[in-house]
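See below for the structure under consideration.
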Amino acid sequence: MRSEFTAEPSSNDAVDRDFTVGEVPAVVRAPATDADRAPAFGVIIAGCGPTGAMLAAELRLHDVRVLVVEKETEPKSFVRIVGLHIRSLELMAMRGLLERVLPHGRRRPAGGFFAAIDKPAPKGLDSAHAYLLGIPQPVIERLLEEHATELGAQVRRGCAVTGFEQDDEGVTVELADGERLRTRYLVGCDGARSTVRKLLGVAFPGEPSRTETLMGEMEVGAPQEEITAKVTEINETHKPFWLRPFGGGVHSVVVPAVGVVDRAEPPTLEDFKHALRAIAGTDFGVHSPRWLSRFGDATRLAERYRAGRVLLAGDAAHIHPPIGGQGLNLGVQDAVNLGWKLAAQIRGWAPGTLLDTYQAERRPVAEDVLDNTRAQRELLSAEPGPQAVRRLLSELMDFDVVNRHLIEKITAIGIRYDFGDGPDLLGRRLRDIDVKQGRLFDLLHRGRGLLLDRTERLTAGGWSDRVDYLADPTAELDVPCVLLRPDGHVAWIGDDQQDLDAHLSRWFGTPAD
Ligand SMILES: Cc1cc2nc3c(=O)[nH]c(=O)nc-3n(C[C@H](O)[C@H](O)[C@H](O)COP(=O)(O)OP(=O)(O)OC[C@H]3O[C@@H](n4cnc5c(N)ncnc54)[C@H](O)[C@@H]3O)c2cc1C
């Protein structure tokens, strides 16, 4: 009988040694001749936003040589507060990052964010991390970048990806300064206007922006009582509007823009004053801005997430209005889905279709997010029809099952990948249950598969270099044995070794000798 958690070192180091083990090289010049076109990197990532940084870290868990190329010299300065939803918090816990992230954010109840309809969080959400964490986006980006570099990713700032060519062995990536680098795979995590997506010729169909919104931080001249009264009155019909104290003497302002002529032109304080007068009849004496920005509400989805050795993730693959606060979460979750699959491909053990499951699993999730933001946008309209639908939905959300469905959708804990027929748990993520050794997610820090075996008869066998084993894990699990993928999704449930072996092959390739 085995009762220990076993985590064996990889025996696959010989495979693809050039791209995996050891120090990350200094940037390598492009090969002068065809003879030495061997890629220096396993993966080059364009863009060090939250998606790129998370993906780099995931790849480093598997010793893949990673270079992140970021066009900006400095991290972003504008303080967009984003909400980390339950699934992203779970992923942070799964990679040992939650303790690092929590002190920088504010916990809020996991409810009330579907179209800003004011409802409490449903009771008993199925997660040990059932809250929303409000956190400034620059902070989460810094923490993820630190995590990636601590794991050995190389980040090169002030350098844009401007071109690439792919062939059978790899991709030659061209940078803005003319340098050319070889890599086995290139991933475009370069945001909504993704250069990689455009160069790849992947279509980005959807709806263009219908409305523009101004967002910024500035000081105000008007007394707070006057501001509060006016904002409350306007919010009765216009939800995407606020002007509220942000600390340090500044107010955070979000207001619908008026008369935007050139979207490429950055907004001015005068634009804010103009927009505030249009909606509130006063500009509240705003002055001394810290930063000003503008965003649209376009909704688009990349037709493909992969073309040969080039892939897309995060905003490069999907954009939608920020209602419900899902974009960053979606990108980070893309990264965790893709990381281990791409690493498996590079290390040489990926089953033939594994990399294609990235698009098969994640594109439908993005489609669903796009749809729920479309719906939310309608519900925020001041027109009488949408307002009536909003009132009706608000009534329906008093039914727990409706409220729960919407919150599980937005927080991404309701996702079930299609792994074929099987119990409801198959394809879903497993929550952070108590196990004999502590918490389940603590066993997933290294990004490996995990077998939770209550029968104590089964084994990860020839896959134990990729899959850890835990016998008699917990009574909380009400099935005999579960195989978890590195992203925490349930890949198999059963009690038969032969069936298990077939599923280990399906997800983790050929067993080691
Ligand atoms: C007002 C507002 C509020 C939001 N609130 C939330 C929220 O509450 N929750 C949430 O989940 N999401 C929210 N979002 C969405 C979220 O900000 C984005 O979805 C998220 O930033 C996407 O991350 P990303 O890494 O995919 O792309 P980005 O953050 O856009 O990062 C892309 C990076 O690539 C770099 N880059 C671009 N081109 C190149 C190139 N050619 N070469 C190299 N580097 C390049 C860029 O400089 C950038 O650093 C909000 C968005 C807005 C506008």
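First listed ligand is number 1; within each ligand, the first listed atom is number 1. What's counted below: heavy atoms across the whole structure, side chains too, no hydrogens, waters or symmetry copies.
Ring-plane geometry between His129 and Phe441 is classed as parallel, the angle between the planes falling under 30 degrees on a 0 to 90 degree scale with a further cut at 60.
Nearest non-hydrogen protein atom to atom 12 (N) of ligand 1 is Leu328 N, 2.9 Å. Nearest protein neighbour of atom 37 (C) of ligand 1, counting heavy atoms only, is Asp190 O, 3.3 Å. The single protein non-hydrogen atom nearest to atom 41 (N) of ligand 1 is Val161 O, 3.1 Å, given as residue, atom name and distance. Residue, atom and distance of the protein heavy atom nearest to atom 31 (O) of ligand 1 are Gly49 CA, 3.6 Å. Regarding atom 17 (O) of ligand 1, its nearest protein heavy-atom neighbour is Arg80 NH1, 2.6 Å. Annotation: atom 7 (C) of ligand 1 to nearest protein heavy atom, Gly325 CA, 3.2 Å. With hydrogens left out, the protein atom closest to atom 23 (O) of ligand 1 is Pro50 CG, 3.5 Å, a heavy atom. Protein heavy atom nearest atom 13 (C) of ligand 1, with residue, atom name and distance: Val82 CG1, 3.8 Å.
Scanning both residues, Asp356 and Arg306, for their nearest heavy atoms gives OD1-NH1, 2.9 Å.
A salt bridge is absent between Asp400 and Lys119; no separation between the charged side-chain nitrogens and carboxylate oxygens falls under 4.0 Å. A salt bridge links Arg156 with Asp177: the closest approach of a Lys/Arg side-chain nitrogen to an acidic carboxylate oxygen falls below 4.0 angstrom. Under a 4.0 Å N-O distance rule, the pair Arg277/Glu270 qualifies as a salt bridge. A salt bridge between Arg142 and Glu146 is present, with a side-chain N of the basic residue lying under 4.0 Å from a carboxylate O of the acidic one. Ion pairing of Arg182 with Asp167 is present here, as a side-chain N (NZ or NE/NH1/NH2) and a carboxylate O approach within less than 4.0 Å. Salt bridge annotation for Arg390-Glu378: absent, with no cationic side-chain nitrogen under 4.0 angstrom from a carboxylate oxygen. Salt bridge status for Arg439 with Glu99: absent, with no side-chain N to carboxylate O gap under 4.0 Å.
A side-chain donor-acceptor contact under 3.5 Å links Thr268 and Asp271.
When non-hydrogen atoms are compared, ligand 1 lies under 4.0 Å from neither the backbone nor the side chain of Ser194. If you look at Met215 next to ligand 1, the close heavy atoms, those under 4.0 Å, all belong to the side chain. Only the side chain of Pro322 comes within 4.0 Å of ligand 1, counting heavy atoms alone; its backbone N, CA, C and O stay farther away.
Taking a cut-off of under 4.0 Å to the non-hydrogen atoms of Glu72, the atoms of ligand 1 that pass are 47 (O). Near Thr195, the atoms of ligand 1 lying under 4.0 angstrom from a non-hydrogen atom of the residue are 41 (N). Shown in contact with Gly47 at under 4.0 Å from a heavy atom are these atoms of ligand 1, numbered in order with element: 33 (C), 34 (O), 35 (C), 43 (C), 44 (N). The Gln137 neighbourhood of ligand 1 comprises atoms 16 (C), 17 (O), 20 (C), 21 (O), 29 (O), with distances under 4.0 Å to a heavy atom of that residue. Per-residue contacts place Cys189 under 4.0 angstrom from the following atoms of ligand 1 (heavy atoms of the residue considered): 32 (C), 33 (C), 34 (O).
A side chain to side chain donor-acceptor pair (under 3.5 Å) with Ser127 holds for exactly one of Glu408, Arg87, Arg431, Glu90; it is Glu90.
Considering Leu84, Val332, Thr51 only, the shortest heavy-atom separation from atom 24 (P) of ligand 1 involves Thr51. Remark: among candidates Ala192, Gly83, Ala176, the nearest residue to atom 8 (O) of ligand 1 is Gly83, based on non-hydrogen atoms. Evaluated by nearest non-hydrogen atom to atom 30 (O) of ligand 1, the leading choice among Gly314, Cys159, Gly191 is Gly191. Within the set His85, Arg156, Glu70, the minimum heavy-atom distance to atom 47 (O) of ligand 1 is found for Glu70.
Cation-pi check for Arg65 over Phe41 is not met; the charged atom does not lie both under 6.0 angstrom from the ring centroid and within 45 degrees of its normal.
For Phe113 and His85, the gap between ring centers is short of 6.0 Å.
When only interatomic distances are considered, the shortest N/O to N/O separation between Phe295 and ligand 1 does not fall below 3.5 Å.
Using 4.0 Å as the threshold, Ala160 has a heavy atom nearer than that to some atom of ligand 1.
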